[in-house]
> 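Pasting a structure below so you can have a look.
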Amino acid sequence: MESLDVFEVLVRENARMVTAYVQSFVTSPAAVDDIWQETMLTAWRRWSDYDRSRPFGAWLRGIAKNNILAWQRQSARAHTMVDHATLDYVGGVFSRIQQLDGDRFEEKLDALRACIQSLPESYRNVVRLRYEDSLMPAAIAGQQGKSLETVKKQLQRARGILHECLTRKLGQLAAES
Amino acid sequence: MSEEEREPQESHLMDALLRHSLAPDTEAENEELRIRQLMSSLRDEADPYESGRTENRPGRPSRVTWTAIRRWIIVPATTALILIGWLLLPSLISEQRALATVERSLAAEQKPLVRQYQVTLVADSHGANDHPYEFDLFVKQREFVIRAPALRGEGVVWMGGNQDERWIVPRFGPVLTGSEGMLGRWSRRRRAMATPFLRTAAILQRLQRFYDLEMRPPVQLEASTPGGSAVDCDHVIAIRREDSTVVTLPDRVELWADRELGFARKMRVEWSQPAKFGGLTSAVVSLSGTPEVASDFFSHSGHHDGEREVIAGASGDAAVDE
């Protein structure tokens with residue numbers, strides 16, 4: 001199999017994960033696209049440097065990390081600056097997710113879906129409306145007869161609860177393995 | 001990192017993971033497009049029989065080359081330093097001035113002034129739809145509205161975005177509201193019309209990061225309104241750097257920026273490989289005016305009579321306007 005074909009297979013296996021990793025720091029869809037492209041093209045240009053004994057996904061995240069830092073330095077629109085420690089912390093979360101069961105990235109997120117099921121009903125509803133139905137907070141507020149501020153706070157609180165739940169589950173799964 | 005500093009980051013992380021766990025199909029479409037563009041670019045580079053890619057690129061402005069500089073290195077040191085500075089300085093100054101022009105234009109984008117642009121897209125002449133496609137683009141800071149002719153029949157379609165949502169008001173039928181993804185899916189059928197890429201601020205940001213810039217002599221652009229006077233403009237040529245890794249970027253961008261007010265009066269964007277961006281070969285974005293608009297212009301309510309059904313969270317896949 002030619003190198004480029006092998007590279008494409010690895011890209012396809014890890015594309016979603018890289019997107020999610022970049023989206024953890026960058027909100028602009030255009031910037032996410034740019035950083036994703038830069039990461040994959042850099043990976044191809046450094047293909048001969050890739051240590052095949054290491055997970056490809058971790059190597060890609062390392063390249064993406066540098067591209068995110070570069071984007072921050074050059075972008076006037078980077079509202080918050082993240083540091084190496086934060087990037088590494090989030091990288092660690094992705095590393096643990098990558099070890100979960102499932103062929104595809106979204107399959108590995110079963111643990112998160114289980115956490116969503118355990119949310120209080122009102123939080124679960126706003127999470128589903130926001131992420132399954134892609135409604136913006138204003139639309140959710142209109143539909144549910146709530147204020148925009150209430151919906152935003154519920155989403156923020158739900159994300160906090162889900163983060164605690166996912167961290168616990170990832171820790172439990174790591175201890176069992 | 002303290003708990004307080006970590007909380008927003010954890011929220012962003014969960015936001016990203018929730019999108020991929022609860023709406024994987026939405027992300028799958030974007031992902032497939034990125035992968036195809038990436039692999040197409042890599043295969044083009046790897047093809048040993050690839051011809052004329054460099055020759056096909058729009059002409060580069062003349063620049064000082066390292067070959068010319070090395071010739072002068074053998075001259076005595078002080079003279080060499082003076083001569084190197086003399087050779088390099090104009091291009092450095094030119095690049096700095098060009099960068100300053102781009103930054104000033106980007107800063108002008110932040111002003112709460114509504115600007116109306118006419119956008120003309122030209123596609124590959126071998127394609128079925130090779131006539132130019134024109135539409136109007138209105139921008140104010142991060143809000144935008146597009147007024148485009150319907151693909152079939154008469155009438156216009158309105159689409160736009162503000163801080164809360166993206167929306168589409170077709171000629172008939174319900175109003176759709178949703179995310180950037182919805183707009184992207186709908187607009188891809190209309191030759192990349194509404195992608196963030198063709199918004200002036202997005203073009204200017206990319207010029208800062210991915211392009212070699214050169215200042216050309218100032219020019220006067222014709223007035224954008226009848227009876228108006230010509231406008232003095234700074235003129236910048238931007239050529240995509242060869243090591244740039246974003247495959248969808250245009251190869252050449254020309255910017256004409258208002259010397260007094262700073263904002264972009266006209267931009268011309270060219271792709272030498274139309275396949276990379278939906279078959280487009282060029283796009284021209286020209287300022288038409290700075291109209292006064294109603295307070296709800298950047299919301300969908302400003303473009304229909306309020307009697308229409310509004311469908312929130314639409315996928316954009318419905319046959320809108322057709």
Side-chain angles (χ1 to χ4, degrees), chain A residues 4 7-8 11-12 15-16 19-21 23-25 27-30 33-34 36-42 44-45 71 74-77 80 82-83 85-86 89-90 93 97 104-106 109 112-113 116 127-139 142-143 156 159-160 162-163 166, chain B residues 1 5-24 26-28 30-31 34-35 37-39 41-43 46 103 106-107 164-166 177-182 184 195-197 199 201-202 205-206 208-210 244-249 310 312-315:
Chain A
L4 203 50
F7 183 74
E8 181 172 356
V11 164
R12 286 186 177 277
R16 200 75 61 90
T19 303
Y21 179 70
Q23 285 170 335
S24 302
F25 303 100
T27 52
S28 155
D33 271 346
D34 289 350
W36 189 96
Q37 295 275 358
E38 285 180 276
T39 299
M40 297 306 185
L41 280 165
T42 302
W44 173 245
R45 284 174 187 157
W71 172 81
Q74 292 165 5
S75 172
R77 293 199 170 191
T80 54
V82 290
D83 54 16
T86 309
Y89 163 73
V90 173
V93 172
I97 291 173
R104 296 176 308 185
F105 182 66
E106 60 271 28
L109 295 175
L112 178 57
R113 281 186 280 272
I116 293 168
V127 164
R128 290 207 176 280
L129 287 169
R130 178 72 186 91
Y131 295 101
E132 250 179 18
D133 299 344
S134 299
L135 296 192
M136 300 300 278
Q143 197 183 91
Q156 188 181 0
R159 287 193 283 257
L162 290 171
H163 180 263
L166 182 63
Chain B
M1 194 185 216
E5 287 166 336
R6 187 166 279 182
E7 201 179 299
Q9 185 53 60
E10 288 169 352
S11 192
H12 287 313
L13 166 62
M14 295 317 300
D15 182 74
L17 293 179
L18 282 165
R19 277 196 259 173
H20 288 271
S21 66
L22 294 183
T26 305
E27 296 296 330
N30 293 335
E31 173 188 297
R34 282 193 201 109
I35 294 173
Q37 286 171 340
L38 168 74
M39 297 314 301
S41 175
L42 293 183
R43 291 204 158 89
E103 287 173 352
L106 199 50
D164 295 322
E165 62 187 4
R166 302 291 182 253
T177 67
S179 64
E180 190 74 44
M182 173 199 75
T195 66
F197 188 80
R199 289 171 218 159
Q205 283 178 307
R206 286 174 166 91
Q208 289 179 309
R209 296 189 63 207
F210 300 114
S244 143
T245 52
V246 180
V247 300
T248 50
L249 290 176
V310 178
S315 67

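Protein chains get the first letters and strands the later ones, always in sequence-line order, with residue 1 at the start of each.
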> I'd like to know if the side chain of A:Arg159 pairs up with that of B:Ser11 as donor and acceptor (distance under 3.5 Å, no hydrogens or angles considered).
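Yes.
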> Check whether any side-chain heavy atom of A:Met136 sits under 4.5 Å from a side-chain heavy atom of B:Thr177, and report yes or no.
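No; the side chains remain at least 4.5 Å from each other.
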> So which atom in B:Leu22 and which in A:Arg128 form the shortest heavy-atom distance, rounded to 0.1 Å?
CD2-NH1, 3.7 Å
> Chain B heavy atoms under 4.5 Å from A:Val93: which part of the residue, side chain, backbone, both or neither?
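For A:Val93, the side chain is the part near chain B, not the backbone.
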> Heavy atoms, side chains only, cut-off 4.5 Å: are A:Gln23 and B:Asp15 in contact?
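A:Gln23 does not reach B:Asp15 side chain to side chain.
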> Indicate yes or no for a side-chain donor-acceptor contact from A:Arg113 to the backbone of B:Ser21 under 3.5 Å, with no hydrogens or angles considered.
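Yes.
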> Determine, stepwise, if the pair B:Met14 / A:Leu166 fulfils side chain to side chain contact (heavy atoms under 4.5 Å, CB included).
CA-CA 9 Å; B:Met14 295 317 300; A:Leu166 182 63; 4.2 Å; yes
> Rounded to the nearest 0.5 Å, what separation is found between the CG atom of B:Leu38 and the OG1 atom of A:Thr39?
10.5 Å
> Would you check if the side chain of B:Gln9 reaches a backbone N or O of A:Ser24 as a donor-acceptor pair within less than 3.5 Å?
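Such a contact is found between B:Gln9 side chain and A:Ser24 backbone.
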> Heavy-atom cut-off 4.5 Å, strictly under: side chain, backbone, both or neither for A:Tyr89 against chain B?
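Only the side chain of A:Tyr89 comes within 4.5 Å of chain B.
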> With a 4.5 Å limit on heavy-atom distance, are the side chains of B:Gln37 and A:Met40 in contact?
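No, every pair of side-chain atoms sits at 4.5 Å or beyond.
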> What part of A:Leu162 gets closer than 4.5 Å to chain B, counting heavy atoms only: side chain, backbone, both or neither?
both
> With a 4.5 angstrom heavy-atom cut-off, could you sort out which part of A:Ile97 is near chain B: side chain, backbone, both or neither?
side chain
> Is there side-chain contact between A:Asp34 and B:Phe210, with heavy atoms separated by less than 4.5 Å?
yes
> Looking at side-chain heavy atoms only, is the closest gap between B:Leu18 and A:Arg130 below 4.5 Å?
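Answer no - side chains too far apart.
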> Measure the CD-CZ distance between B:Glu31 and A:Arg16 for me, rounded to the nearest 0.5 Å.
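One gets 4.0 Å once the value is rounded to the nearest 0.5 Å.
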> Under 4.5 Å between any side-chain heavy atoms of A:Leu41 and B:Leu42, yes or no?
yes
> Kindly give the heavy-atom pair with the smallest separation between A:Leu109 and B:Leu17, and that separation in Å.
CD1-O, 3.7 Å
> Identify the two heavy atoms, one from B:His20 and one from A:Glu106, that lie closest to each other, and give their separation to 0.1 Å.
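Looking at all heavy atoms of both residues, the shortest contact is O-CB, 3.5 Å.
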> Does any part of the side chain of B:Arg34, heavy atoms only, come nearer than 4.5 Å to the side chain of A:Thr19, both counted from C-beta?
yes
> Examine whether an atom of A:Ala15 lies under 4.5 Å from a heavy atom of chain B, and if so say whether it belongs to the side chain, the backbone or both; otherwise answer neither.
both
